[in-house]
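Contents: one structure, followed by commentary.
Each residue takes its place number in the sequence, starting with 1.
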Amino acid sequence: MSLYDKAKQTADYIKSKINDIPKTAIVLGSGLGPFANEIEKEFEFDYKDIPNFPISTVPGHAGKLIFGKIDGKKIIAMQGRFHLYEGYSAEEVTLPVRVFQLLGVENYIVTNAAGAINLDYKPGDLMIIEDHIGLFCESVLFGQNDDRLGTRFPSMSEAYSKELIKKAEKAAEKCSLNIHKGVYCYCKGPMFETPAEIRFLRVAGADAVGMSTVPEVVAAVHAKMNVLGISCMTNMAAGILDQPLTHIEVIETGKKVEKEFSAFMKEVIKEI
């Protein structure tokens, strides 16, 4: 079955359960899932019950697709995502994006936990993604192009919508939040990067690093969605502090910024 046919089968299943599909979807990364508690839920799917959906295996990813409202605004939320390092193919990782595309979603908000490369950042800081480095990412567009999903050679010159970035900045102002703007770099994982790799990425212009997001964003741009990316600095990247990195630290920092992140995201959704 082709990717289009799989996505259509999944979208048709969701349409059979949901009458009014929201135009905005948000993906909640590691440690940021509790934002789902802010949603006035109308319908909730477990990933395992959705046709063709993979299962999230990462601690901190609840594996639920939620339809509901934030202050009256309809939204779809993915409480957890899929990664290439889990053993999934690029097609499986980006299937939800294609499902959203066929459901008519226009705005794709992607959040993640990231390691801070920029020495001016600190754990708990939030960063609006202005651009990304995805050179180490397996292309999700390899193989024969399906014109029903997008053009063969999509431009990535404005992968992250300037209009949505402005709205996110306005939301940060309303929350009295000092937010960064920077470049996110994708690395394959699941191992954390080495100090030498972090030094290399800093020279290359990266402000933050993580193991997700870029494959999804490429698919969303291919689908002509408006993309907004938000990174939560859950740790300093390797070699900056004299301590090993752990996923527990990622989850714990996510908990510490939960209120700040939730207030900010609620304002972002209001602005959109």
Students often mix this up, so state it plainly: with edges at 30° and 60°, are the rings of Y160 and H132 parallel, tilted or perpendicular? perpendicular
Under 30°, 30 to 60°, or over 60°: which ring-plane class applies to F100 and Y108, parallel, tilted or perpendicular? tilted
Give a yes or no on whether a salt bridge exists between K188 and E138, defined as a side-chain N under 4.0 angstrom from a carboxylate O. no
In terms of side-chain geometry, is the basic nitrogen of E271 or K166 positioned less than 4.0 Å from the acidic oxygen of its partner? no
Gap separating the [atom1] atom of [X] from the [atom2] atom of [Y], nearest 0.5 angstrom:
X    : Y    : atom1 : atom2 : answer
E193 : L201 : CD    : CG    : 7.0 Å
I14  : I76  : CD1   : CD1   : 7.0 Å
D207 : D120 : CG    : CG    : 9.0 Å
N107 : I26  : CG    : CD1   : 11.5 Å
D49  : Y47  : CG    : OH    : 12.5 Å
K266 : F261 : NZ    : CZ    : 12.5 Å

Please examine the side chains of [Y] and [X], heavy atoms only from C-beta on, and report whether any two atoms are closer than 4.5 Å.
X    : Y    : answer
E91  : R98  : no
T111 : V27  : no
S212 : F82  : no
E197 : P195 : no
F192 : M211 : yes
M78  : L28  : no
V105 : K23  : no
F43  : I66  : no

Heavy-atom neighbours of E163 CD exceed 12 at 6.0 Å: no
Side chain to side chain contact (heavy atoms under 4.5 Å, CB included) evaluation trace for L228 with V110: CA-CA 6 Å; L228 175 65; V110 58; over 6 Å; no
Is there a side chain to side chain contact (heavy atoms under 4.5 Å, CB included) between C175 and M265 once you walk through the steps? CA-CA 10 Å; C175 295; M265 291 313 305; over 6 Å; no
Taking [Y]'s backbone N and O only, do any of them form a donor-acceptor pair with [X]'s side chain (distance below 3.5 Å, no angle check)?
X    : Y    : answer
E44  : K64  : no
S16  : Y13  : yes
D125 : K122 : yes
S89  : E92  : yes
D46  : K48  : no
T10  : P51  : yes
E267 : F264 : no
E86  : H83  : yes

[X] versus [Y], closest heavy-atom pair with distance:
X    : Y    : value
P215 : L84  : CG-CD1, 4.3 Å
A204 : I133 : O-CD1, 3.9 Å
V227 : A159 : CB-O, 3.4 Å

Would you please test V99 and K8 for side chain to side chain contact (heavy atoms under 4.5 Å, CB included) and show each step? CA-CA 7 Å; V99 172; K8 187 175 185 307; over 6 Å; no
Answer yes if the ring centres of H180 and Y121 are under 6.0 angstrom apart, and no otherwise. yes
Please find out if less than 6.0 Å separates the ring center of F45 from that of F53. no
Pairing donors with acceptors under 3.5 angstrom, does anything connect the side chains of R152 and H222? no
Indicate whether the side chain of N226 and that of S161 have a donor and an acceptor atom separated by less than 3.5 Å. no
Hey, mind stepping through E42 and K74 against salt bridge (Lys or Arg N to Asp or Glu O under 4.0 Å) and telling me if it holds? CA-CA 10 Å; E42 296 178 347; K74 286 185 171 289; 3.1 Å; yes
Could you walk me through whether K41 and F67 pass side chain to side chain contact (heavy atoms under 4.5 Å, CB included), step by step? CA-CA 6 Å; K41 298 178 180 66; F67 287 75; over 6 Å; no
